[in-house]
Every structure is written in C-alpha cells, then in structure tokens.
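Here is the structure we will look at, set down as structure tokens.
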Amino acid sequence: MTKVYNPKEIEKKWQEYWYANKVFETTEDDSRKKFYGLIEFPYPSGAGLHVGHIRAFSSMEVISRKRRLQGYNVLFPIGYDAFGLPTENYAIKTKQHPRIVTDNNIKKFETQLKAIGYSFDWDRTIDTTDEGYYKWTQWIFLQLFKKGLAYKSKTLVNFCPECKVVLANEESQNGVCDRCGSEVIQKEKDVWFLRIRNYADRLLEGLTDLDFLEKIKVEQQNWIGKSCGAEVEFTIKGGGKEYPLVVYTTRPDTIYGATFLVVSPEHPMIQSFAGSIGNFDEIRDYQQQAKLKKEFERVHLAKEKSGVRIDGITAVNPITGCDIPVFTADYVMMDYGTGAIMAVPAHDTRDYEFAKKYSLPIIEVIKGGDIEKEAYIAKDGGIMVNSGFLNGLSVPEAIDAMTAYMKKLGVGTPKTDFKMKDWAFNRQRYWGEPIPIINCPKCGQVPMDEKDLPLVLPKLEDFSPTDDASSPLSKVTEWVNTTCPVCGGPATRETDTMPQWAGSSWYYLRYMSPRDGEHVVNPEAYKYWGQVDWYNGGMEHVTRHLIYSRFWNMFLYDIGVVTNAEPYLRRSAQGLILGADGEKMSKSRNNVVNPDDVIKEYGADVLRLFTLFIGDYEKSAPWNPDAIKGCSRFLNKLWNLMDIIKEGDVADVNIDLCIKKVDDDFESLKFNTAIAQVMSTVNDIYQRGYVTKSEFKKLLIILNPIVPHITSEIYEIINGGAKIERQKWPSYDESKLAKDEVDIPVQLNGKLKGRITVSATASREDALEAVNKSTGILEGKNIIKVIYVEGKIINIVAR
RNA sequence: GCCGAAAUGGUGGAAUGGCAGACGCGACGGACUCAAAAUCCGUUGAUGGCAACAUCGUGUGGGUUCAAGUCCCACUUUCGGCACCA
C-alpha cells in the first residue's frame, strides 16, 4: 500500500521544483517549432485572484503544457495591467501611494498564481506601470501623433461627477459610469483622440482570415458598424438664399418617397438661415431642450419622436425637383452621417413614426408591405413603384441604378460610414501613463524628444482628482513647466494621462523581449515569436481591448516595427463562472468564491480540474461547491491506481480511444468531456482490476496539463524518479479505436426492440440473420425495408 | 427594434441525423463501523405492471426522414451584444 494522496505536500514540492529550476523558462530556439499562447493579463486588484481568473487562465495553461510535451518551444507569459482607477481610488481611500498599492497587489497575485502551479515563464513578467514598460507605450503614442493619428479636439464628453473623470463611450454605456454606477453628465472638454476610424475598413477586412470565434467576429463587425450608402445633396431655399445640404442615406432607391427632410438640432444650416426662419424662437427653444437632454435620455427614454418644422425654408429634392418641408428633430444625430437625413416615412420606421405624429404625407415607393399599418423596410424584397425610371426594379437593382444616376447628375456620391467613433484617449487622473506632449505658446503641440522617454510620472503626495475635471498632474508646477524642444522657450506639459486601454494594446509584443531598452520589441525576438498563436480571454474585451490592440498592431505594421498586420491568429473565449445562486459573482451579492479556500480544502489540482470540468468551457456555468468532491474523489482514485499496477493483457480498456478523445477535446477547449473520458477510462480500469504501467504512464501524461502536481508525483514514484515534463505526448493506434465486435441496437419501425452483437464490418445479410436468431421480432412480419448502418444500427421496416 | 447564442432528469451537463441522459453531484438501498465520516457495491427520466414488458419523454406547434435533442418552417422564454446609426 502506497502512502495516501496528500495534495498539500506534493503541490508545494513540485511548485518549488518548477520555479527554482525555471522549468518553464523559454528562449528563442530555431531547432524547435514555436508556440505562443496568451491569456489576458490581469488587473492586480486588492481583492486578489478570483475563480473566474483560474478558469480564464487554465485553457492556455493546458494547451501550453500539452504543446511542451508535444515538443514545441512554448512562450506562455504573465504580466499585470496595473494602471487604472480602482487602484488609484483605493490608494486615496487608504492614504497610500498607488505605487505601493500596486506592488503589494502584484505580490499577492504572484503568490496566488504560483500556488496554482501555472507554467508561466516568470522571468518575462511585465507590469504596465513600470517605467521601462510605459516608456514604450509613450513611444507608440508619439509615433501615432507624428503620423497625425492622435489629435486634440473639443467635444462633449461623458463626465462622471463621482469619479471626476472623462469616460469613453464604452465606459459609460446606458448613461451610467462603468466604475461607480453614478449618472454621467455631458461636459465640453479638450480631449485627445486616436483616429481608429482611419483603420475601420482594415479592422473589418482583417477579420476574414483570422481564426476567431465566430461570435467574436460578429461583435467586432457590429462594433465597427460599417454601412454603405450615399451622400445626396438637397438644396435648401429661403429668403432668397440657397444652401447645399448634404444628407446621408443607405437607401437612395427610396428618394421618390422622401416627403420631408430632418436635420439634427446642432446642424449649422439652421443658424445660416437665422434671418429667414419664421419660428426661429421656437427652433432655438428646441435646440436648448435637446442640449439639456443627456445622451441617455435622447437615445433611450425618448420613446416618442419630437421635432419642429422650420418655417420659411424648403428643400428641393434633386431627383424629383419637388419642394419638401424641413424639420429639426433630435432623433437625428450630428455625429453620424452628415447630421441630416431625407425622411422616407413609407420605408423607415423612425420616419414613419414622425410622419404619423406630424401628419406628413407618406408615399409608397416599394410594393409589398402595408404602409397603412407600418413602414415597410424591404431591404431584399419588393418592387419599386411611383419612382420614375426605377419602377419595376428590385430594391438592390434600384439602389445601384439610383446611385449611378445621382453620380451622373453630380448630386450624390457613394459613401460608407462607420458607427465606431474615434478612440477618446485620455483621463484626467494620476495613475496612468503621462502623455508625452508639450504645449508651447509659439509652436503649439510639440512631441517630446524620444530620447527623453520615459516621461516619468512624478511622485505626488496628493493625487486626488480635481473638481474642475483637470488632471491632478496640473498641480505639480515644477513638472508641468518645461521648455519647448523646438524653440527652447517656456512651455507646459500635457497633464492628462492615458486611458487604461493603452498599456494593454501592445503587451503581447513586450513579452517577446521584456527587458529590451532599445526597442518596443526586439526584432530578432519578434522574428522568432511573430504572432500570438492562440489568445484566450473574456467576451467582455472583444470590442474594446481586442479592437484597440489590433489597431495598434496594424499601425506598428505600417511604420515597420512589426511584420504582421494582425497580432493574434486565433482567439477563443471562456464562459463566466457564476455564483452558486446562478448570478454573476460580485462582492455585493456575496457569492464570490476565493480560490485560496478551495486550495486549502482540496488542493490546487482539484481547483484546476474542477474549473475545467464544471461545464462547457465557452459557456458560463454556476459554481456548485458540492460537485468539487467528485473531482477530489477522482484524483484519489487516480492516486490509488498505484496499488493495482500489474502487467497483463490490456484488453477491455481502450486507452487509445481515451488518448484520442483527450487530444481532440483539448484542441477544441472541450475540457469537460476530455475529463469525463478519463474518468470513464479509470472506472473501466477499476472494473478490470488492474492497470498496466504503460497505460498508467499515458494516462498521467494526458492528464498532466490539467493536474500537473499529482501526475508529476505519481510519474516520479512509478518510474524511479523520472520527470514527467520530459516525456512525450502519447500517440494512439488508429486501428485500435474501433472494436471488432459491436453491440448494435435493433429497431423495428424506428422503435428500439433489442440489441445484437455482430462484427463491426458485418454485411446486411449477416446482421439480419443475427436479428432473426437472437430476437423473435420478425416472426409473422412482412419486411418492407431494412436500413443497416455498419457498426451503428439496424432498422427494419415491417408490417 | 436589429444581430447572436441557448432551452435536455432533482442538479451541472453529454450525445459526426442512428441506443437520449455519457461523466460528475445529489438522493435512495446495502457492505464496513459501537457509531459517524471516508471508502466500496447497487438503484436512480416519468407513468402503468409482481414481472417480462408497454406507453410517454430533449421549451411550444407544424414539417422532412426508415430514423430528429440534432435538419426545415412558425412561435415562446432566457442570456449576451448593438441601438433613433439614417
């Protein structure tokens, strides 16, 4: 009898061995194929690791360990995305410096990660708040600035009065601050933007060849939101003046049905007709109202359309020559298209609603719907009517015909637009990368000299935010005041810092050469590691981080820093672990599971096993504390196999099938079924009563990526000290996957009636013979048809 | 409103169109024990039947097929994303 399984003891032993001997350290090695596996590096919060992290990291951990056993040279790194608000807020609350808080949190994370036995190359650890790191974040920003892709612009921004910080659109969805949940207000501010819209088309097209989960592609496509249409010029007449008003439409085919025109309340056209507009006071009131409405109300709460007719001006339809009235309404947004639309109520739901409310004419130009009841969109179906030369055409034909006609007349041009907005790239907070720009009264915005990077974040005693939405850095006059690198005159530094998305937009490159002081990424290292082979992360980051980092990589490709336009070849996503109550884990719900507690009770291997066994990896699954026992029992059973090792006939246990299943399932992230297969195989082994050493070794190796401690220990014990990580991933014998004799179901008229045992390659006649012999179901029956699928089923249709 | 994913026992979840419920949890019965825990063995979709067995059963209603959880059509609900995007 061997000693009992003691996870605490063996896990400590193996972790010490791995980390002290740097077993997972990696260097470029041309003699071996490379594999670069990436996980989203964590934000080191004070709360420490969460079981969700474990699940998120475990897929690439398993794949990386498997790849090593398969002979690959594996880069599997870890780092910390450590700039950001929570740390800063916590630091303010506890009166510590964010640097101290960050360092402590990182230490805590590292201890926890090591206690789980992850096979990271710890020597490559990076930290976005490290000067040697953010030097290069700033360097990339400078290149963007020099290429005209970073600009400052006055706009209304989402401002959180609680966090006192300007938020990106994506951080203030539904008009609520992502961080604190308070209501966001609109504030005018000078803000840095990155011209990500310039890359919209390439970001969209680049998706085609990538092995990203389909739903990730779809979300990115929706986020980018490309629409193809045309800009059409209407002429506004009033008070003897003419004004060319350009509207944006995706449906030029419906122009014969345009019965009015709507401009956004902010549209400059209104002001230019100030003198000729009869109801200008009313219009001004409406503009004021629209301005007061927060974005949230305007978009989400305004169930009913509102608007005002602009008296004294009319618009001329460039195709029909007809005069139509002009309205202003806040359902038209200034920041999309041209801020003006031609309204076709018969074929657009919003225009329909507006026309009904203000009793405007509705002209049907596409047959097929019932415009008495509702607008008929008819994107793919329907035939044009009441539309001059378009009559009789289908909608797609009419779109092409009208676009060409407008172009010929010179009143319209094809135009694509994107929903995605430029990336608001700054925060008025302390704990972020300083923006390396100097404002000179003579020379304007001047980039810092690259030689002077990093621009170090000054040590600050009081870094709490200011009430006037300016950065705490503006208080450090000795830091702010500097000289202009161009003219040498007195100048001031930019005091805003970069958003948290900055550091994470290029971290996958830094891992390739984490300590290189001369390059963003060392060219030799890049040449070897190239693209990330497989990136796993959360669905919550596929529209922001994943697009932002693809954008930065494309830019670095354009300026010759990297040689691949796309950073990630494959991207998968894990499902959330929900609380035992089926709700998302959160402190406020008090349903958070701390991995330390699980390790304490069951050990790290059980934790690793359970987070992967809990359900389909790509779907969310609730944490069931009772079910952990099953995983613990299984590891005990695995351990106790040592008591029944015996050489013998290997029949009855299909180890080849098990290897194949595990091999395939790992590659498609079906860890739950891979584990189930191994459990079944172990059950079969106990049923048989003994395990052969060769079977046992194979089992240990295929399980090693998931439960490395116990498998390392058993392997060492049964093989006189041999190390499992030096072994080869087992192959399986194709010919042994299928059995020679099979038990197949017998159906009569599609209903299960019994089973027969036949050779896997038995003929139809043999199978039918076997049915006759072993069952009496065919007696007195008239056979009409026999369906026989070799090795699968026999179904007899009979009366 | 638009786009996407999903719905299977008491429960988490398995099923290239071919035995629905693998594997795990729980429950029940038994062994071991003074007892409990741990462990081991057995049972466990529902209904009827002593039983062999029969009937029903994968959100709802239709359809295709020798055969449907799986494919097609029409719905319902839940979750995620986008959203007066012209």
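What you are looking at is a predicted structure, and each value in this text was computed from that prediction instead of being measured. Order of the sequence lines fixes the chain letters, A, B, ..., with proteins taken first and strands second; residue numbering starts at 1 for each chain. The figures that follow rest on heavy atoms only: side chains count, while hydrogens, waters and symmetry mates do not.
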Subject >> Closest nucleotide among B:G80, B:A86, B:A20 to the A:E219 side chain >> reply: B:G80
Original post:
Contact class for A:N672 vs. all strands (heavy atom < 4.0 Å): base, sugar-phosphate, or nothing?
Top reply: sugar-phosphate
Original post:
Between A:R55 (CZ) and B:G12 (P), how many Å, whole number?
Top reply: 14 Å
Original post:
How long is the line joining NZ of A:K305 and C1' of B:C85, in whole Å?
Top reply: 13 Å
Subject >> Residue-phosphate contact under 4.0 Å: A:R755 side-chain N/O, B:G18 OP1/OP2 >> reply: no
**OP:** Could you check how far NZ of A:K619 sits from P of B:G80, rounded to whole Å?
**Re:** 16 Å
**OP:** Could you please name the option among B:C82, B:C66, B:G24 that lies closest to any side-chain atom of A:V797?
**Re:** B:C66
**OP:** Indicate, with a heavy-atom threshold strictly under 4.0 Å, whether A:N683 touches base, sugar-phosphate, or nothing.
**Re:** sugar-phosphate
Original post:
Can you find a donor-acceptor pair, distance only, under 3.5 Å between A:N795 side chain and B:C66 base?
Top reply: yes
Subject >> P atoms of B:A14 and B:C71, separation to the nearest Å >> reply: 16 Å
Original post:
What distance, rounded to whole Å, do you find between the two C1' atoms, one in B:C25 and one in B:C19?
Top reply: 25 Å
Original post:
Taking atom P of B:C84 as reference, at what distance in whole Å does atom CE of A:M334 sit?
Top reply: 16 Å
Subject >> Distance in Å, A:R251 CZ paired with A:I377 CD1, rounded so as to fall on 0.5 Å steps >> reply: 7.5 Å
**OP:** Quote, to the nearest angstrom, the P distance that separates B:A7 from B:U16.
**Re:** 13 Å
Original post:
Touch check for A:S620, heavy atoms < 4.0 angstrom, all strands: base, sugar-phosphate only, or nothing?
Top reply: sugar-phosphate
**OP:** Find the distance A:D665:CG to B:A14:P and express it as a whole number of Å.
**Re:** 11 Å
Subject >> Opposite nucleotide pairing with B:A31, Watson-Crick or G-U, both atom distances under 3.5 Å >> reply: B:U39
**OP:** Under a 3.5 Å limit for both distances, which nucleotide forms a Watson-Crick or G-U wobble pair with B:A5, could you say?
**Re:** B:U78
Subject >> Candidates B:G12, B:C84, B:C3 - which lies nearest the side chain of A:P622 >> reply: B:G12
Original post:
For atom C1', what is the distance between B:A68 and B:G24, given to the nearest Å?
Top reply: 28 Å
**OP:** Report the nucleotide, chosen from B:U55, B:G18, B:C85, that has the shortest atom-to-atom distance to any side-chain atom of A:R350.
**Re:** B:C85
Subject >> Pair A:S227-A:Y336, side-chain hydrogen bond (donor to acceptor under 3.5 Å, both in side chains): steps then yes or no >> reply: CA-CA 11 Å; A:S227 77; A:Y336 187 78; 2.9 Å; yes
Subject >> Nearest-angstrom distance from the residue atom NZ of A:K629 to P of B:G12 >> reply: 17 Å
Original post:
From B:A86, B:C19, B:C23, pick the nucleotide closest to the side chain of A:Q747?
Top reply: B:C19
Subject >> Among B:G81, B:C25, B:C84, the nucleotide that comes nearest once only the side chain of A:D626 is considered >> reply: B:C25
Original post:
Between B:A86 and A:Y336, is there an OP1 or OP2 to side-chain N/O distance shorter than 4.0 Å?
Top reply: yes
Original post:
Any donor-acceptor pair under 3.5 Å joining the side chain of A:K792 to the base of B:C19?
Top reply: no
Subject >> Closest listed nucleotide, where the reference is the side chain of A:N222 and the choices are B:A22, B:C25, B:G81 >> reply: B:G81
**OP:** Would you indicate, yes or no, if B:C66 has its OP1 or OP2 atom less than 4.0 angstrom from a side-chain nitrogen or oxygen of A:K785?
**Re:** yes
Subject >> Any A:K215 side-chain nitrogen or oxygen under 4.0 Å from OP1 or OP2 of B:C79 >> reply: no
**OP:** Please state how far atom CD1 in A:I614 lies from atom C1' in B:A14, giving the value in whole angstrom units.
**Re:** 16 Å
**OP:** Can you label the angle between the A:F354 ring and the A:Y358 ring as parallel, tilted or perpendicular, going by 30° and 60°?
**Re:** tilted
Original post:
Do we see a donor-acceptor contact under 3.5 Å between the side chains of A:Y617 and A:S58?
Top reply: no
**OP:** Return the nearest nucleotide to the side chain of A:L752; candidates are B:A20, B:G12, B:C82.
**Re:** B:A20
**OP:** Using a 4.0 Å heavy-atom cut-off across all strands, classify A:V218 as base, sugar-phosphate, or nothing.
**Re:** sugar-phosphate
Original post:
Does B:G9 fall in syn (glycosidic angle within 90° of 0) or anti?
Top reply: syn
Subject >> Option passing side chain to side chain donor-acceptor pair (under 3.5 Å) with A:N536 (candidates A:Q574, A:E40, A:E618) >> reply: A:Q574
Original post:
At under 4.0 Å between heavy atoms, what does A:D616 touch on the DNA or RNA strands: base, sugar-phosphate, or nothing?
Top reply: sugar-phosphate
Original post:
What is the ring orientation for A:F666 with A:F671, classed by angle as parallel under 30°, tilted 30 to 60°, or perpendicular over 60°?
Top reply: tilted
Original post:
If you draw the axis of the six-membered ring of A:F418, does the NZ or CZ of A:K226 fall within 45° of it and under 6.0 Å from the ring centre?
Top reply: no
Original post:
Paired with B:U44: which nucleotide, if any, by Watson-Crick or G-U wobble criteria at under 3.5 Å for both distances?
Top reply: B:G26
**OP:** Ignoring hydrogens and angles, state whether a donor on the side chain of A:Y690 or A:D643 is under 3.5 Å from an acceptor on the partner side chain.
**Re:** no
**OP:** Rounded off to whole Å, could you give me the CG-to-P distance for the A:N636 and B:U39 pair?
**Re:** 7 Å
